[in-house]
Amino acid sequence: MKTVERERYEAQAIEGKWQARWEADRLSHAPDFDPRPKFYFLTMYPYPSGDLHTGHWYAMAPSDAAARFRRMQGFNVMFPMGFDAFGLPAENAAIERGIHPYTWTMANIDRMRRQLRSMGAMWDWEREVVTCDPDFYVWNQWFFLKMYERGLAYRAMAPVDWCPKDNTSLAREQVVGDERVCERCGTPVIKKNLEQWFLKITTYAEELLEYSGIEWPDRVRLLQENWIGRSEGVEITIPVRDHPGRSFDVFTTRPDTVFGMTFAVLAPEHPLVDLLTTSEQRAEVEAYKFKAARASDIERLSTEKERDGVFTGAHAINPMSGEAVPIYIADYVLLTYGTGAIQGVPGHDQRDFEFARKYGLPIPVVIAPPGWAGEALEQAYLGEGTMVNSGEFDGVPSAEGWRRIAEAMERRGIGRRKVNYRLHDWLISRQRYWGTPIPIIYCQTCGTVPVPQEDLPVLLPHDAEFRPTGESPLKYHEGFRTVRCPQCGGEEAERETDTMDTFVDSSWYQYRYLSPGYGDGPFDPHVARYWLPVDQYTGGIEHAVLHLLYTRFWTKVMRDLGLVDFGEPMLRLYNQGIVLGPDGYRMSKSRGNVVDPDEQIARYGADTFRAYLMFMRPWNEGGPWDTQGIEGVHRWLHRIWSLARVPASPARPRENGNAREIRRRTHATIKRVTEDMAEFHFNTAIAALMEFVNFLGETKDRWGGHHEWAAALRTLLLMVAPIAPHLAEELWARGGEPYSIHQHSWPSFDPELARAERVTLVIQVNGKVRDRIEVSAAIADADAKALALASERVRRLTAGRRIADVIVVPGRLVNIVLS
RNA sequence: GCGGGCGUAGCCGAACUGGUAUAGGCGCCAGAUUUAGGAUCUGGUCGGCGCAAGCCGGUGGGGGUUCGAGUCCCUCCGCCCGCACCA
């Protein structure tokens with residue numbers, strides 16, 4: 001018997017045992033229909049890179065604790081896990097090492113599943129989703145066809161960002177940084193003109209700016225708002241003087257400055273350029289166009305570069321003033337934003353100002369800054385003011401002028417108010433093998449033909465050849481590419497050989513978890529009615545404008561298809577931070593600062609590793625790994641172990657106050673921990689539990705035999721259960737409690753019991769703390785005041801002084817103000 | 001340039017609606033135990049002055065509001081992130 005009592009806490013000895021037991025008992029399986037209220041707790045699924053690193057643990061272990069907490073609170077919690085299994089690394093492995101992407105991916109998934117199991121998380125593996133499984137990607141194709149039917153998927157020739165290393169096009173969001181590099185491999189991207197498939201996310205631009213009904217971090221909202229880039233303005237039709245009947249549109253957010261337009265600028269690629277260019281100017285224009293096409297975006301967009309352009313030889317007419325103005329082309333005007341043409345208003349736009357200076361164009365003032373006396377501008381004036389040199393609008397404040405000019409233009413049919421977005425449609429074509437085939441057939445007779453639904457899935461052929469050609473390996477796969485036209489039966493038809501961006505998968509994977517085997521649709525609508533939408537989503541901030549925008553778009557499309565009756569996929573979102581190496585840098589093999597989870601588990605056990613990740617810093621911040629910090633958490637778990645294992649000294653009933661004090665501490669701790677867990681404040685929840693453990697340790701010798709003390713210990717284990725699930729289960733069992741602690745209710749607290757009976761009343765004189773006295777928490781203000789004034793130390797300080805005021809904060813503080 | 005965030009001990013951090021600044025952990029110091037080291041336990045640990053009681057200072061700098069400011073306002077400094085010729 002004695003040897004058992006003295007047994008030390010050895011995590012490795014208990015963790016595997018409980019993991020096996022929980023799995024055998026299907027403890028983590030969430031039934032689809034259940035009297036309990038449901039809680040769909042989702043954590044971003046990983047890419048199966050082959051190794052589970054500390055970053056995965058940081059994202060997953062604390063969210064597991066939060067999910068466990070919800071389950072103990074009485075919810076039927078669905079906590080699924082899967083793999084984002086399509087994507088470039090698998091294909092690169094195929095090219096570099098001759099391993100088939102499928103083989104590579106599946107081997108990685110196997111390995112990662114094993115590693116994930118060591119975490120002791122409550123994932124419902126019966127719901128696992130692997131996106132490269134045809135059972136999954138067939139629904140990508142199904143969704144695509146639905147969108148195609150509705151005009152939400154379309155094909156267009158477009159200049160795309162192209163990664164020359166990965167040999168594929170990239171979505172705009174996948175091009176990062178000042179150097180405009182591929183987010184995956186860091187290679188500078190180039191522009192390429194290709195026929196590409198797009199999803200019409202811009203249709204939902206306005207709705208995507210609306211966040212009512214969901215609790216998402218402001219940070220994410222701001223990033224998305226910034227990305228969508230809404231701006232209100234007026235689209236003005238500018239007639240071309242030299243080609244009667246011809247005109248082009250410009251977009252401006254400052255219609256009030258229209259009288260100040262002294263030139264117009266088209267993007268070099270603007271379709272009207274060829275027509276407008278006069279023969280004298282042709283050579284110069286062509287040279288400029290050539291130069292602009294060759295320049296990479298980085299040079300072109302550089303603010304260092306001097307603004308330049310070329311006169312086309314043609315003139316436009318300012319539709320408000322009737323004046324003729326020269327038309328230029330310049331690469332500071334982007335074809336991809338607005339109309340690809342602008343009004344040149346040098347007085348009130350800094351770029352136009354520089355351009356006008358360079359080419360000697362007039363720079364009239366049409367919005368007079370306050371106090372302006374007619375002098376020339378040193379730089380563009382961007383603020384508000386009074387309209388001048390603006391015909392009938394002279395003297396009008398510019399803000400009012402904005403509206404009046406917009407109205408006048410609408411009345412005269414020369415302009416209309418318009419909202420412009422920086423958001424572009426989502427480019428989903430990838431010239432790669434390892435993705436979902438786009439279910440489209442090009443027929444010589446019928447043109448673009450969608451694959452009929454009954455022919456789905458369009459399967460990825462296994463026997464493709466992997467060559468880094470810049471085109472999909474599917475293009476060289478005769479058996480895949482050549483196909484009969486499903487419409488006319490003709491043999492002169494070819495399949496689309498591009499595959500879909502993997503962000504398509506993650507846009508709706510959360511719905512597949514509901515019923516991963518379901519064959520009649522992307523998910524079982526009955527099951528969906530119970531579980532949806534996702535109650536809590538957690539993941540990294542890096543997905544703020546990619547995945548998180550796409551999945552909101554996708555859900556809105558699903559709503560419009562009648563598949564769901566809500567428009568927001570996730571009610572609450574929480575972003576965890578990033579764990580860095582001990583040196584404060586991002587963990588990377590080349591730096592040698594990687595903290596390997598498997599090593600940590602071998603050394604401390606999964607529970608310690610989990611608890612430390614939660615304790616080291618606020619979860620939303622992340623930060624450097626502290627090699628010694630984990631020791632402190634490990635010690636804490638040891639202390640819990642000995643607290644629960646070493647027999648208590650026999651009951652020594654003392655004064656009644658003991659039981660009350662234990663109960664008070666217990667309830668106060670439950671309150672703190674409950675509130676912190678609900679808000680993902682794991683670090684402070686654990687700090688509160690540490691204090692509680694310290695308290696139980698200090699009182700053990702005196703009160704250890706008391707039933708109230710034993711109850712406190714039991715409560716402690718329940719609160720530790722989400723954080724260190726194995727340890728809690730083990731001690732629970734050893735304490736003779738029925739299996740499983742994880743099926744027990746979270747302890748509830750009574751705020752009355754949590755309240756201290758005696759409090760320290762702080763006594764200040766002129767705002768400085770001068771004394772502290774122990775009083776009943778329920779002390780009346782008048783009594784508190786009297787006690788404060790009676791304090792020896794206060795009397796010394798107030799002697800001979802006039803007391804101007806006494807401020808009493810009930811149960812906390814008395815401040816005596818001397819005049 | 002535009003948008004956002006942050007700055008508290010030697011380190012990571014805590015502090016609800018303004019009300020005892022520094023909880024909890026790490027580290028460090030001392031003690032107990034031990035042949036020793038390690039582990040464990042106990043106590044101490046913001047700075048200055050003081051034998052002590054105590055006094056003074058203290059949340060990046062400066063100013064303000066308030067009986068009272070880490071918290072609110074203004075301003076400056078430093079660091080971080082996102083977007084960026086977006087018309």
Side-chain angles (χ1 to χ4, degrees), chain A residues 8 176-178 217-227 229-231 233-234 250-254 257 265 267 297 300-305 307 330-334 336-345 348-352 354-355 382 420-423 541-542 544-545 612 615-618 621 623-633 635-636 638-639 642 672 675-676 681 683-694 697-698 759-772 793 796 803-819:
Chain A
R8 285 176 50 81
V176 296
D178 288 345
D218 288 344
R219 181 138 172 250
V220 172
R221 289 175 47 172
L222 281 161
L223 286 168
Q224 294 199 345
E225 278 167 17
N226 212 317
W227 189 259
R230 181 185 199 275
S231 57
V234 174
V250 298
F251 175 75
T252 179
T253 54
R254 291 296 302 274
T257 65
V265 188
D297 272 22
R300 188 167 161 180
L301 298 183
S302 165
T303 38
E304 309 294 309
K305 177 178 169 284
R307 221 167 289 298
D331 63 8
Y332 78 91
V333 175
L334 310 172
T336 48
Y337 182 78
T339 60
I342 61 157
Q343 55 168 1
V345 183
H348 306 286
D349 181 287
Q350 192 55 31
R351 295 152 298 180
D352 296 347
E354 288 163 25
F355 192 82
L382 308 177
N420 228 311
Y421 302 94
R422 280 176 36 205
L423 182 72
I541 187 77
E542 67 273 19
V545 286
Y612 176 62
F615 181 65
M616 57 181 251
R617 291 186 120 199
E621 284 175 26
W625 179 267
D626 181 347
T627 319
Q628 281 174 318
I630 191 170
E631 298 279 355
V633 173
R635 256 173 249 162
W636 175 59
H638 268 287
R639 247 174 253 137
S642 19
R672 283 174 68 186
E675 288 164 1
D676 284 344
H681 296 162
N683 58 329
T684 48
I686 292 173
L689 288 169
M690 283 175 168
E691 284 181 59
F692 194 46
V693 167
N694 291 345
E698 284 157 21
V759 291
T760 306
L761 187 70
V762 170
I763 298 163
Q764 297 183 334
V765 176
N766 284 342
K768 284 186 190 294
V769 179
R770 295 302 179 181
D771 204 356
R772 297 179 169 92
R793 305 186 52 206
R796 225 185 309 137
I803 293 168
D805 199 3
V806 178
I807 285 145
V808 181
V809 181
R812 300 194 84 140
L813 166 147
V814 177
N815 188 11
I816 297 155
V817 187
L818 302 177
S819 52

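Per chain, numbering begins at 1; letters A, B, ... match sequence-line order. Keep in mind the model is a prediction, meaning the values are calculated, not measured.
- In this model, the phosphate group of B:rG58 is not approached by any side-chain N or O of A:K768 to a distance below 4.0 Å at OP1 or OP2.
- Counting non-hydrogen atoms of other residues, nucleotides and ligands closer than 6.0 Å to CZ of A:R219 gives a total of 12 or fewer.
- Within the nucleic acid shown, A:R639 comes within 4.0 Å of sugar-phosphate atoms alone, with no base atom in reach, counting heavy atoms only.
- Atom CG in A:L423 sits 10.0 Å away from atom CD in A:Q224 (nearest 0.5 Å).
- For A:E691, the side-chain atoms get nearest to B:rG24 when compared with the rest of B:rC16, B:rC86, B:rG24.
- Using a 4.0 Å heavy-atom criterion, one finds that A:D352 contacts no nucleic acid atom at all.
- Across the protein-nucleic acid pair, A:N226 atom CG and B:rC81 atom C1' stand 12 Å apart, rounded to whole Å.
- At a threshold of 4.0 angstrom between heavy atoms, the contacts of A:E621 are confined to the sugar-phosphate backbone, with no base atom among them.
- Across all strands shown, A:S231 has heavy atoms under 4.0 Å from sugar-phosphate atoms exclusively, and none from any base.
- Here the separation of B:rG25 from B:rA14, taken at their P atoms, is 15 Å to the nearest Å.
- Whole-Å rounding puts the A:H638 NE2 to B:rU40 P distance at 7 Å.
- A donor-acceptor contact shorter than 3.5 Å links the side chain of A:R793 to the backbone of A:R770.
- Minimum atom distance to the side chain of A:I807 is reached by B:rC67, of the listed B:rA14, B:rG25, B:rC67.
- Across all strands shown, B:rG54 forms a Watson-Crick or G-U wobble pair, both distances under 3.5 Å, with B:rC49.
- Nearest to the side-chain atoms of A:R635 among the listed nucleotides B:rG24, B:rG82, B:rG27 stands B:rG27.
- In this structure, A:N420 reaches neither bases nor backbone, as no heavy-atom distance under 4.0 Å exists between it and the strands shown.
- Under the Watson-Crick and G-U wobble criteria, each requiring two contacts below 3.5 Å, nucleotide B:rU65 is left unpaired.
- Heavy atoms of A:D805 sit nowhere under 4.0 angstrom from any nucleic acid atom.
- At the heavy-atom level, A:R772 lies under 4.0 Å from base atoms of the strands shown.
- The residue A:L222 sits close only to the backbone: its heavy atoms come under 4.0 Å of sugar-phosphate atoms, none of a base.
- Of the candidates B:rA14, B:rG24, B:rG19, B:rA14 carries the atom nearest the A:N683 side chain, counting heavy atoms from C-beta on.
- In this structure, B:rA14 makes no Watson-Crick or G-U wobble pair, since no nucleotide meets both defining distances under 3.5 angstrom.
- Here A:R793 lies in heavy-atom contact (under 4.0 Å) with sugar-phosphate atoms only.
- For A:T252, whose side chain is taken as the heavy atoms from C-beta onward, the closest listed nucleotide among B:rA87, B:rG24, B:rA14 is B:rA87.
- Contact annotation for A:R770: backbone-only contact, meaning every heavy-atom pair under 4.0 Å involves sugar-phosphate atoms and none involves a base.
- Comparing B:rA87, B:rC83, B:rA21 by their closest approach to the side chain of A:W227 singles out B:rC83.
- Rounded to a whole Å, the CE atom of A:M690 is 14 Å from the P atom of B:rA14.
- Of all nucleotides listed (B:rA87, B:rU20, B:rC86), B:rA87 comes nearest to the side chain of A:D349.
- Distance CG/A:N766 to CD1/A:I816: 9.5 Å, rounded to 0.5 Å.
- The distance between atom CZ of A:R230 and atom P of B:rA87, rounded to the nearest whole Å, is 13 Å.
- Taken to the nearest 0.5 Å, the CG atom of A:N420 stands 8.0 Å off from the OG1 atom of A:T339.
- Both distances falling under 3.5 Å, in either a Watson-Crick or a G-U wobble arrangement, occur for no nucleotide opposite B:rG37.
- For the pair A:G229 and A:Q764, nearest-nucleotide mapping onto RNA chain B gives the more 5' position to A:Q764.
- With a cut-off of 3.5 Å on both pairing distances, B:rA23 has no Watson-Crick or G-U wobble partner at all.
- Distance from the side chain of A:N815 is smallest to B:rC67 among B:rC67, B:rA87, B:rG25.
- Pair assignment for B:rC83 gives B:rG1, based on Watson-Crick or G-U wobble hydrogen-bonding distances that are each under 3.5 Å.
- Among the nucleotides B:rU20, B:rC86, B:rG27, the one closest to any side-chain atom of A:L813 is B:rU20.
- Atom CZ of A:R8 and atom NE2 of A:H638 lie 5.0 Å apart (nearest 0.5 Å).
- Comparing B:rG19, B:rG24, B:rA87 by their nearest atom to the side chain of A:F251 picks out B:rA87.
- As judged by a 4.0 angstrom heavy-atom cut-off over every strand, A:V817 is placed among residues touching the sugar-phosphate backbone only.
- The phosphate of B:rA23 (OP1 or OP2) has no side-chain N or O of A:R672 nearer than 4.0 angstrom.
- In this structure, A:D626 and A:P618 both approach RNA chain B, and ranking their closest nucleotides by distance from the 5' end singles out A:P618.
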